[in-house]
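Just the heavy atoms: all of them, side chains too, but no hydrogens, waters or symmetry mates, feed the values below.
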Amino acid sequence: MRWSQYFLYTLREDPADADVISQKLMMRAGMLRKVAAGIYTYLPLGLRSTQKMERIVREEMNRAGAVELLMPTIQPAELWQESKRWQLYGKELLRIRDRHDRDFVYAPTAEEVITDTVRDAVSSYRQLPINLYQIQTKFRDEVRPRFGLMRGREFTMKDAYSFHASDDSLNETYEAMREAYSRVFHRCALDHVRVEADTGAIGGSASHEFMVLAQSGEDAVVSCPNCKYGANIEKATSSFFMDEPEPAPAKLQEIHTPGTQSIDDVGRFLGKPTSQLVKTLVFDTDQGCVMVLVRGDREGNIIKIKNHLGAEWIEMMPDSRFQEATGGPVGYCGPVGTKAKRVLADVSLKGRKNWVVGGNKRDTHLGGANPGRDFPEPEWGDFTTVFAGDPCPRCRTPLEIYRGIEVGHIFKLGTKYSEPMNCTYLDEKGERQPMIMGCYGLGIGRTVAAAVEQSHDDNGIIWPMPIAPFEVVVTQLGREDNVRSTAEDVYRKLLEAGVDVLLDDRDERPGVKFKDADLVGFPLRIAVGAKSLAGGQIEWSWRRDRAKQLGAPGEVIARVIEAVSVRTG
RNA sequence: CGGGGCAUAGCUCAGCCUGGUUAGAGCGCACGGUUCGGGACCGUGAGGUCGGUGGUUCAAAUCCACUUGCCCCGACCA
């Protein structure tokens with residue numbers, strides 16, 4: 001491709017509404033254009049990178065035995081009503097209506113349609129297992145889209161769905177997908193980790209996330225530097241527990257604590273570290289008011305609490321309803337005499353005696369409160385978020401916390417969709433069974449953006465070879481006949497060798513061309529100019545270190561072809 | 001959904017507080033000239049419903065109300 005005939009225009013300045021590096025650089029490099037909040041045009045250069053990403057994903061999915069198909073983005077409401085997600089999904093689900101007033105959704109994922117497809121076609125265990133995938137545009141009406149391709153509303157995702165007659169079969173496919181994902185990210189040269197994850201709205205029994213480590217990541221990942229333990233912060237546990245000796249049970253007594261609404265206030269007032277106090281969190285859920293007791297210096301984990309309760313929805317109790325729901329004022333609430341429907345307590349409090357808790361009365365706390373004596377024994381469980389330094393649940397090594405971008409997520413769904421949607425088969429005994437399912441998502445655009453987050457410098461993007469829009473740019477410096485004909489010749493020979501090469505034949509000054517080449521981030525650059533050509537040489541360099549090497553055209557061409565083939569794999 | 005901010009040339013932004021000639025700059029674009037290995041310089045020029053609607057006023061980019069879009073913080077989130 002010749003730059004002069006291509007559609008590639010760079011921006012000198014950062015766009016005003018870009019907020020992360022990958023978005024700024026991709027917009028400046030002429031890869032991406034914002035059309036509306038969270039909705040982008042992939043310009044030709046951006047399209048090339050995402051298509052390369054897609055090709056890698058296809059190769060690895062096919063290698064792992066998955067079969068590609070393509071499902072519609074617009075899906076009838078009936079299917080979503082069957083799975084109950086029409087009601088459960090909330091506002092992220094974009095609902096649209098056609099001219100006949102029939103309800104549809106712009107699909108954020110495709111469990112319903114694939115299940116519908118498979119239940120029609122498959123009726124015997126002999127036809128299983130099946131693993132189907134697509135690479136398709138999805139839409140999620142995010143409350144607050146941001147970070148460019150990393151959290152768009154419209155996005156491209158590879159989603160795969162597998163169907164099985166046994167857990168063993170599901171596990172086998174799950175492993176194959178896990179392996180395929182690792183290969184994909186490895187091929188893109190992405191520094192990533194695989195961690196245990198919460199299953200969230202998709203549901204199911206087990207799930208893992210693939211995270212690309214990056215400062216700008218939206219998720220926190222807990223990882224053990226010693227054993228291989230890794231988990232999303234929402235899910236991570238530690239073997240943290242109280243091991244200080246506790247005195248004998250004391251008498252329950254009121255303490256006057258005026259103006260101490262926060263746990264820090266109480267600690268300061270009583271002259272005790274917050275770790276010796278008990279923090280009370282109150283949630284409003286579909287099961288009524290729930291109180292959660294945690295150690296004063298720990299943070300509650302709403303996902304763990306929601307999962308323990310089996311709740312459909314949960315949120316912090318609004319101040320307006322607080323008094324009515326708990327029987328006490330905000331800031332002084334506690335388990336003794338509370339009106340909350342259920343009381344949970346974090347394991348970090350297990351075995352502790354003489355709690356300091358809110359008194360459910362203005363300016364009043366209680367000391368010497370003991371579970372089982374002064375208030376009913378709470379439901380015990382792990383309800384707090386892991387902190388850096390907590391001991392690993394497997395090997396007790398202090399845990400570390402990193403930020404990461406979730407680029408893939410795989411789930412063991414079980415029969416969550418096959419049962420309500422009646423996707424069944426006949427087993428060897430002729431008995432009807434629901435199929436056991438798995439699903440496997442991989443964000444295409446997000447992975448490309450993650451690569452940029454992980455690989456750039458002050459001058460622009462540094463593309464990993466496999467997803468670079470072009471592998472090589474040939475920069476023609478000047479219009480002298482020999483410069484032009486040499487650049488042309490180099491360009492043609494690279495093309496013939498199957499190299500993805502862009503010839504910068506624009507009528508621009510050298511500085512402009514170099515700056516653009518750095519910004520766009522072509523992994524390799526060949527510069528053809530009158531200076532070096534006078535000595536019969538041209539120059540080539542890697543974008544990563546920009547160290548210039550000179551050689552005769554034939555030699556440089558050979559070395560570049562070799563470099564491309566090695567790096568592409 | 002709560003709180004805050006922004007909307008002026010293709011892009012990045014001044015001007016608004018304190019209303020008053022033909023609304024500005026840099027970059028980009030066009031033309032001419034000098035340049036030509038790391039975003040050159042000089043000159044000339046094109047380019048604007050000042051997001052929209054309504055109001056106040058002799059007069060509105062500027063003040064007021066409403067509205068739309070976008071951004072940030074929070075809540076939320078396969």
Side-chain angles (χ1 to χ4, degrees), chain A residues 9-20 23-24 27-28 30 33-39 85 88-93 107-111 138-148 150-153 155 157-161 197-204 207-210 218-219 232 234 284 302-303 306 313-316 318-320 406-411 413 416-417 439-443 446 458-460 475-480 483 504 506-519 525 527-534 537-539 541 546 548 550:
Chain A
Y9 301 93
T10 58
L11 269 44
R12 189 179 287 219
E13 288 170 281
D14 283 341
D17 52 7
D19 38 21
V20 285
Q23 185 187 14
K24 282 179 187 166
M27 289 176 82
R28 280 189 58 200
R33 198 180 99 89
K34 181 148 93 174
V35 176
I39 298 175
R85 287 209 292 183
L88 294 179
Y89 213 99
K91 290 191 179 168
E92 272 78 47
L93 184 62
T109 172
E111 281 82 4
K138 308 277 191 299
F139 195 93
R140 270 182 217 159
D141 203 357
E142 297 281 357
V143 195
R144 183 141 95 86
R146 54 186 144 176
F147 302 155
M150 279 163 55
R151 195 170 188 67
R153 289 195 290 175
F155 56 98
M157 179 170 115
K158 185 284 301 175
D159 45 327
Y161 307 88
D198 185 72
T199 50
I202 293 256
S207 110
H208 286 89
E209 284 171 341
F210 289 79
E218 285 195 274
D219 293 283
N232 189 301
E234 292 173 351
D284 196 11
I302 198 164
I303 305 285
K306 183 181 176 189
W313 63 269
I314 182 167
E315 59 185 36
M316 295 293 288
D319 287 2
S320 56
E406 178 194 348
V407 287
H409 201 159
I410 60 179
F411 299 79
L413 288 176
K416 183 179 159 93
Y417 294 91
C439 81
Y440 318 93
L442 192 158
R446 192 182 270 194
D458 291 346
N459 299 299
T475 306
Q476 175 190 313
L477 305 169
R479 276 146 293 171
E480 294 86 346
V483 168
D504 189 354
R506 292 175 301 166
D507 186 13
E508 287 287 354
R509 299 168 60 85
V512 172
K513 294 190 175 195
F514 288 142
K515 288 288 183 191
D516 274 344
D518 284 351
L519 176 59
R525 185 184 81 193
V528 181
K531 267 189 193 170
S532 49
L533 211 50
Q537 292 187 310
I538 61 175
E539 168 197 301
S541 59
R546 301 205 291 175
K548 297 167 183 171
L550 287 166

Comparing A:E539 and A:I303 on RNA chain B - which has the more 5′ nearest nucleotide:
A:E539

Roughly how many Å is it from OH in A:Y9 to P in B:rC11, rounded to a whole number?
16 Å

Counter-base of B:rC36, judged by Watson-Crick or G-U geometry with both distances under 3.5 Å
none

Does B:rA40 have OP1 or OP2 under 4.0 Å away from a side-chain N or O of A:R509?
yes

Mapping A:G408 and A:T10 to their closest nucleotides on RNA chain B, which lands nearer the 5' end?
A:T10

Output all residues satisfying ring pair (Phe, Tyr, Trp, His ring centres under 6.0 Å) with A:F147, sequence neighbours left out; order by chain, then residue number.
none

For B:rG26, what is the paired nucleotide under Watson-Crick or G-U wobble rules, both distances under 3.5 Å?
B:rC11

Can you tell which of B:rG38, B:rC70, B:rU12 lies closest to the side chain of A:K515?
B:rG38

Paired with B:rC16: which nucleotide, if any, by Watson-Crick or G-U wobble criteria at under 3.5 Å for both distances?
none

Any side-chain heavy-atom pair of A:R506 and A:K513 under 4.5 Å:
yes

Determine the interatomic distance between C1' on B:rU35 and the same-named atom on B:rG43; round to the nearest Å.
15 Å

Is A:E111 salt-bridged to A:K416, cutoff N-O under 4.0 Å?
no

Roughly how many Å apart are B:rU68 and B:rG52, using the P atom of each and rounding to a whole number?
15 Å

Paired nucleotide for B:rC63 [Watson-Crick or G-U wobble; both distances under 3.5 Å]
B:rG55

Should B:rA75 form a Watson-Crick or G-U wobble pair with both distances under 3.5 Å, which nucleotide is its partner?
none

Quick note, A:L477 side chain, CB onward, closest among B:rG38, B:rG37, B:rA40 is B:rG37

Please tell me if A:K34 has a side-chain N or O lying less than 4.0 Å from either OP1 or OP2 of B:rC71.
yes

Between A:R12 (CZ) and B:rA40 (P), how many Å, whole number?
6 Å

Find the partner of B:rG69: check Watson-Crick (N1-N3 plus N6-O4 or O6-N4) and G-U wobble (N1-O2, O6-N3) distances, both under 3.5 Å, and reply none if neither fits.
B:rC6

Side chain of A:R525, base of B:rG38: donor and acceptor closer than 3.5 Å?
yes

Please state the P separation for the pair B:rG5 and B:rA14 - nearest whole angstrom.
16 Å

Taking NZ, NE, NH1 and NH2 as the nitrogens, is one of them in A:E539 or A:R525 under 4.0 Å from a carboxylate oxygen of the other?
yes

Taking the side chain as C-beta and beyond, is there a heavy-atom pair between A:F210 and A:I410 under 4.5 Å?
yes

